[in-house]
Amino acid sequence: MSFQNKKSSTRPAGDRLVIKGGKVVNDDQSFYADVYIEDGTIKQIGENLIVPPGVKTVDAYGQLVIPGGIDANTSLHAPQKGLNPADDFYHGTRAALSGGTTTIMDHVLVEPGTSLLSAFDQWKETAEQRACCDFSLHLDITRWHEGLYEELETLVKDKGVNSFLFFMAYKDKFQSSDSQLYEAFGVLRDLGAIAQVHAENGDIIDEEQKKLLCLGITGPEGHVLSHPEEVETEAVYRAITIAKQANCPLYVTKVMSKSAADVIAKARKKGMVVYGEPITASLATDGSHYWSKDWATAAAFVMSPPLNPDPSTPQYLTSLLACGDLQVTSSAQASFSTAQKAVGKDDFTLIPEGTNGVEERMSVVWDRAVLTGKMDENEFVAVTSTNAAKLFNMYPRKGRIAVGSDADIVIWNPKETRTVSAKSHNLTLEVNILEGLELRGVASLVISAGRVVLEDGKLSVTEGSGRFVPRKAFPDTVYKRIKARSKMAEARGVPRGNYDGPVHDVISMTKSVPPTPTTRGPPCPKTQPGPRNLHQSGFTLAGAQIDDHIPRRSAQRIVAPPGGRSNITSLS
Amino acid sequence: MSDCRRQWNREDELPVYLAGPITTGPNQRKSFGMFSSVEGAFDSKTIDFDNYAVGRKGSRTPRSGSRERLLDTGDPVGKTPSEPREGSLTNSPGDREDARTGVEVRFSTEKESPDGKNERLLIKGGRVVNDDQSFYADVYIEDGLIKQVGENLVVPGGVKVIEANGRMVIPGGIDVNTCLMKPFLGTQPVDDFLQGTKAAIAGGTTMIIDHVTPQPEDSLLEAFERWQEAADKRACCDYSLHVDIPQWNESVKYELELLVQEKGVNSFQVYMAYKDVYQMTDSQLYEAFSFLKQLGAVVLVHAENGDLIAQEQRKILGMGITGPEGHPLSRPEELEAEAVFRAITLGNRVNCPVYITKVMSKSAADTITQARRKGSVVFGEPITASLATDGSHYWSKNWAKAAAYVTSPPLSPDPTTPDHLHTLLACGDLQVVGSSHCAYSTSQKAVGKDDFTLIPEGTNGVEERMGFVWDKAVAMGKMDENQFVAVTSTNAAKIFNLYPRKGRIAVGSDADIVIWDPDSVKTITAKLQQSASEYNIFEGLECRGAPAMVLSQGRVVYEDGNLQTQQGTGRFIPRKPFPDYAYQRVKFRNQVKNKQGVTRGIYDGPVYDVIPTPKYITPAPSAKTSPTSHQPPPIRNLHQSNFSLSGAQIDDNVPRRSGHRIVAPPGGRSNITSLG
């Protein structure tokens with residue numbers, strides 16, 4: 001392994017551990033081997049290892065030794081409508097560890113008007129104080145403008161952030177227009193970062209919400225009614241189109257419906273660099289609960305895009321996950337207490353959005369995909385950990401059991417069963433959307449940064465032990481193809497002689513210059529001095545011409561010297 | 001390349017295929033599946049028509065009333081020909097001389113009609129082809145209407161007889177997309193209503209629906225009246241009008257209502273492209289769709305993602321590409337497909353029929369196909385250009401030639417596109433063939449000789465439309481003659497509520513009839529066309545199938561290559577809202593799709609206390625049209641909002657977990673004003 005582990009020495013000397021008798025499962029193969037860990041990294045893998053004396057031995061007979069899970073989407077600190085999530089970095093990462101996830105990637109929500117860097121620093125500081133497992137950060141850009149370029153560059157080059165999320169929903173708040181997305185994607189491509197999108201058509205949602213509130217529907221069912229599946233699908237399709245045009249890799253967060261997943265699958269078949277992320281909730285449950293008679297239950301499910309009312313959705317998404325059309329599972333963990341959700345008790349648009357899932361994520365995938373025979377244990381490792389590590393450039397430090405990798409290891413017991421309940425989970429949340437679900441496959445022992453944090457069902461975490469994992473730009477998995485395409489996709493003009501035929505004389509119009517369909521230039525009189533009027537040049541076709549007096553068939557005034565003289569200065 | 005293909009087609013396939021359906025005996029129609037007509041079924045139908053026609057003339061098929069219509073219905077039992085309409089002055093005897101000399105269709109006039117007017121006509125021995133069935137029957141025409149269809153008709157004496165000799169007698173074509181008056185920098189296309197409709201008739205099209213294209217500040221109503229006036233003076237065939245909505249605002253609504261309810265317009269076009277000029281945001285589209293649905297109109301969508309086009313154009317100009325190849329480069333296929341997808345999504349949400357004009361690429365057509373499979377009410381219209389040629393010509397070394405192909409969405413450079421579109425047309429996934437005829441002269445196009453974004457957009461095609469569908473679909477065996485009638489005429493009539501007045505040969509329908517000659521082969525060239533444009537984008541292509549004779553309003557206007565049109569004879573055909581074909585399903589869905597809330601008890605748990613956050617006063621970042629929105633100049637100033645959540649909060653001092661300040665009276669008091 002050829003990467004350097006920079007920070008490990010600063011850690012309190014981690015345990016020395018040897019994991020014996022387990023089956024090591026990576027995304028490519030499984031084999032029986034012992035694993036020796038020292039200083040928070042994996043030092044040796046193999047049989048009959050020579051280890052120093054006095055080393056703690058962990059018995060993993062009959063169990064799987066897998067890389068710790070990576071949850072690529074959590075929001076443990078992002079406020080919504082002024083409400084802070086009920087589970088912050090401490091509680092969130094604690095729950096993550098108890099479920100076998102040893103790295104989280106949290107979303108930094110940059111409120112419009114604040115600087116990206118300061119938001120990032122604030123998040124990082126909070127997380128370093130509170131988080132119990134390693135973390136990395138995505139940035140959510142809520143309002144794109146070109147002035148962000150420098151901050152982006154700093155973030156990518158110096159701060160170790162290589163993924164940025166844009167919203168296509170939340171009109172008048174976070175939403176970006178197509179033009180903005182295109183510009184932003186172009187910048188991200190140049191920087192070597194990954195564009196993420198929250199894909200929903202905010203314009204339509206806004207209209208639907210108004211309509212539903214007018215109809216008197218104010219309960220949580222209004223949420224799912226105003227966020228229909230098609231709206232998600234449409235936005236996914238559009239995001240892919242824009243990314244294709246900008247030749248930028250795209251990562252669609254929270255794939256919640258069959259049709260959205262299909263669009264991603266189809267785009268991948270056409271060769272586009274796009275990745276899809278179903279979440280715990282969409283893999284484990286459906287949206288029928290929005291119609292629950294109990295307001296609190298219904299509200300607990302509120303998130304965007306919403307869970308799909310179609311009960312076959314989870315199975316379908318699991319199948320796509322198994323065949324590689326979707327790549328990463330995450331949790332989209334963002335928990336708000338019932339009291340917080342009740343802010344929207346008379347208006348569903350005010351309900352803070354978010355569900356739990358960080359703790360149940362790995363078990364759900366195991367139970368739904370591996371035990372049903374849809375995927376094997378290697379694919380399980382891929383979708384819960386390795387793929388995310390590769391996409392976001394943490395591989396092979398994370399996402400693999402190999403010499404030199406971080407000692408984030410989970411001993412997975414495929415036989416054990418647990419029942420999800422709000423009473424027993426490690427979040428502060430008083431409801432759990434998966435309440436009562438029986439899941440087979442449980443993390444029996446979790447090692448984070450070389451230390452055992454979960455053993456015999458007991459968590460022993462240290463607040464603030466989580467490290468920030470910086471990620472470099474241009475992840476290979478994502479960017480190799482993009483780079484090759486950038487070279488290929490040079491559009492070329494046709495070298496022709498100058499057009500020397502007659503040119504229609506355009507009389508300068510007295511009233512508005514009726515724009516040709518294509519000119520987006522000098523529009524109507526009351527136009528704004530916008531920045532994008534690139535066509536508003538000094539270019540004009542007006543003026544007296546040499547042969548103004550010569551009539552033409554339908555009274556068109558033509559300048560027609562065969563030599564091709566015209567009043568247009570040649571541009572080329 | 002296409003020439004080679006053409007040769008091959010002609011030599012190998014033409015005789016084999018065309019021999020079949022035409023020379024077979026009477027009453028025989030090729031069976032194309034389980035829905036083909038039952039033997040003899042049409043007989044009774046014919047008799048019904050007869051009875052219907054003779055017995056109850058006044059109460060024939062109801063249709064939208066026009067001035068002319070009133071005249072006609074007031075007519076006594078049809079012994080005397082009705083008054084000719086102003087301008088529709090009759091062929092001179094000389095015209096009929098010409099007619100008699102026709103080779104392929106012979107006139108055997110037994111007796112001169114009393115006052116020398118061609119008001120009564122009998123088409124004998126033709127095979128009537130409608131969209132549902134074909135049958136051998138004679139057609140008797142009087143007063144510009146079809147009075148009888150059947151065999152052994154009893155007709156009054158003095159009727160002019162046209163021997164069709166077994167040729168197909170089809171309803172005249174309807175071209176639903178022409179722009180004969182779309183201004184370009186204050187000048188008009190070279191084909192105006194006269195030239196354009198002449199070309200239409202020469203191609204077998206007897207009705208056009210033209211686009212009224214007001215500029216963003218113009219009144220729709222005034223523009224409509226301008227168009228109607230010009231067309232009334234100049235058009236040689238019946239016409240109707242679509243109105244394009246250049247921008248969406250409150251004042252437009254009133255005009256739309258007026259247009260639908262009083263002016264007989266039931267279709268409006270909105271644009272998803274042309275950023276900062278015509279383009280509407282998704283919100284505006286949603287509103288427009290909702291409003292038009294209430295009015296019962298069909299929404300036409302120009303589907304391209306204008307935001308991305310603007311970006312690409314900028315990029316491509318920046319790269320120094322200024323020629324016409326920049327046009328397709330800046331408007332790649334995906335942008336069309338994406339916008340089609342979005343338009344359909346909007347249509348589904350609003351539950352409103354959507355009609356996609358100018359389907360130019362395979363992926364856009366496939367998107368429509370898939371949506372139809374899922375039950376969306378969406379129609380797709382490929383145009384002559386996309387059905388007959390491809391976008392490789394944009395790379396022509398000849399600037400004038402390359403520029404002639406500039407239209408939006410552009411022709412797809414993929415040479416298999418026409419074939420694919422024909423296949424979809426044949427199987428019903430696309431419904432209507434338009435031409436998007438908008439002819440600008442080369443010198444007009446040359447305004448953009450140094451910047452492709454300035455090239456006026458538009459290609460010819462109104463004249464070649466029916467011919468190419470026959471040549472590439474019917475003669476190739478993709479489509480049968482009935483489907484041919486459907487896509488060139490009947491479907492359009494149904495979608496736009498002209499049916500059965502137009503688009504069908506039946507008793508009571510307008511006598512817009514074409515006698516189609518499937519054997520004629522001609523080479524398209526600008527020299528021989530009716531259009532005034534000096535360049536024909538189909539130059540050199542060979543085309544099988546052409547009209548042998550065209551009747552418009554019961555008069556022979558085209559015969560054997562000779563036009564006998566009369567300027568100003570075209571009538572405006574008003575169209576009523578809520579066409580059944582488009583709206584029946586929508587109405588039912590409206591009833592079914594009522595959304596209902598859940599009745600629950602009032603939530604009486606604790607409610608978190610929220611500090612009232614200042615509302616964003618930001619304009620939508622999605623606002624794409626600048627002319628309408630009051631967007632403050634630099635978009636980036638929007639970030640200087642004083643709103644911040646990252647600052648100190650009122651409850652910062654309270655530890656997070658247990659520190660939720662809860663207003664928890666069991667009654668559910670909250671500081672949010674109730675909306676419910």
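Within every chain, numbering begins at 1; the chains are lettered A, B, ... in the order of the sequence lines, protein sequences first and strands thereafter.
For B/K315, the part lying near chain A is the side chain, with the backbone staying farther off; criterion is any non-hydrogen pair under 4.5 Å. Interface remark: A/V110 contributes no atoms to any contact with chain B (heavy atom separation under 4.5 Å). When heavy atoms are compared at a cutoff of 4.5 Å, A/K270 does not approach chain B at all. For B/S330, no part lies near chain A; criterion is any non-hydrogen pair under 4.5 Å. When heavy atoms are compared at a cutoff of 4.5 Å, B/Y271 does not approach chain A at all. Only the backbone of B/S396 comes within contact range of chain A, judged by heavy atoms closer than 4.5 Å. The contact between B/N398 and chain A is made entirely by backbone atoms, counting heavy-atom distances below 4.5 Å. Interface remark: B/E333 contributes no atoms to any contact with chain A (heavy atom separation under 4.5 Å). With a 4.5 angstrom heavy-atom cutoff, B/A403 does not touch chain A via any of its atoms. In this structure, the portions of B/L335 lying under 4.5 Å from any heavy atom of chain A include both its backbone and its side chain. Only the backbone of A/D294 comes within contact range of chain B, judged by heavy atoms closer than 4.5 Å. No part of A/L181 comes within reach of chain B, as not one of its non-hydrogen atoms sits under 4.5 angstrom from that chain.
Put simply, of A/M168, A/K341, A/K244, the one with the most heavy-atom pairs under 4.5 Å next to chain B is A/K244. When each of A/S292, A/A246, A/G222 is scored by its heavy-atom pairs under 4.5 Å with chain B, the top score falls to A/S292. Across B/A339, B/A337, B/G323, the residue that shares the most heavy-atom pairs under 4.5 angstrom with chain A is B/A337. With chain B as the partner, the residue from A/W295, A/Y237, A/Y90, A/F336 showing the most heavy-atom pairs under 4.5 Å is A/Y237. The candidate from A/E230, A/E207, A/K293 with the greatest count of non-hydrogen atom pairs under 4.5 Å with chain B is A/E207.
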Margin query: For A/R238 and B/D282: C-alpha separation, side-chain torsions, deciding distance, then whether side-chain contact (heavy atoms from CB on, under 4.5 Å) applies.
Written below: CA-CA 12 Å; A/R238 184 150 43 99; B/D282 289 356; 4.0 Å; yes
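Checking B/K275 against A/S179 by side-chain atom types alone, a donor-acceptor pair falls below 3.5 Å.
Note on B/E287 versus A/K210: no salt bridge recorded, every NZ/NE/NH1/NH2 to OD/OE distance being 4.0 Å or above. The residues A/E221 and B/R600 are annotated as salt-bridged, a charged nitrogen and a carboxylate oxygen being separated by less than 4.0 angstrom.
Here B/R342 contributes atom CZ and A/I204 contributes atom CD1; the two are 8.5 Å apart, rounded to the nearest 0.5 Å. With rounding to the nearest 0.5 angstrom, the CG atom of A/D178 is 4.5 Å from the CG atom of B/N305. Expressed to the nearest 0.5 Å, how far CD of A/E234 lies from CG of B/N348 amounts to 11.0 Å. Separation of atoms CG (B/D307) and CD1 (A/I242) is listed at 8.0 Å; rounding is to 0.5 Å. Note that the CD1 atom of A/I205 and the CZ atom of B/R349 stand 10.0 Å from one another [nearest 0.5 Å]. To the nearest 0.5 Å, atoms CD (A/Q245) and CD1 (B/I309) are separated by 9.5 Å.
Considering every non-hydrogen atom in both B/P606 and A/A342, the closest pair reads O-CB, 3.5 Å. Residue B/Y608 comes nearest to A/V343 through the heavy atom pair O-CG2, 3.5 Å, listed as atom of the first residue, atom of the second, then distance.
Using a 4.5 Å heavy-atom cutoff, the side chains of A/D206 and B/Y286 are not in contact. At least one side-chain heavy atom of B/E325 sits under 4.5 Å from a side-chain heavy atom of A/R496.
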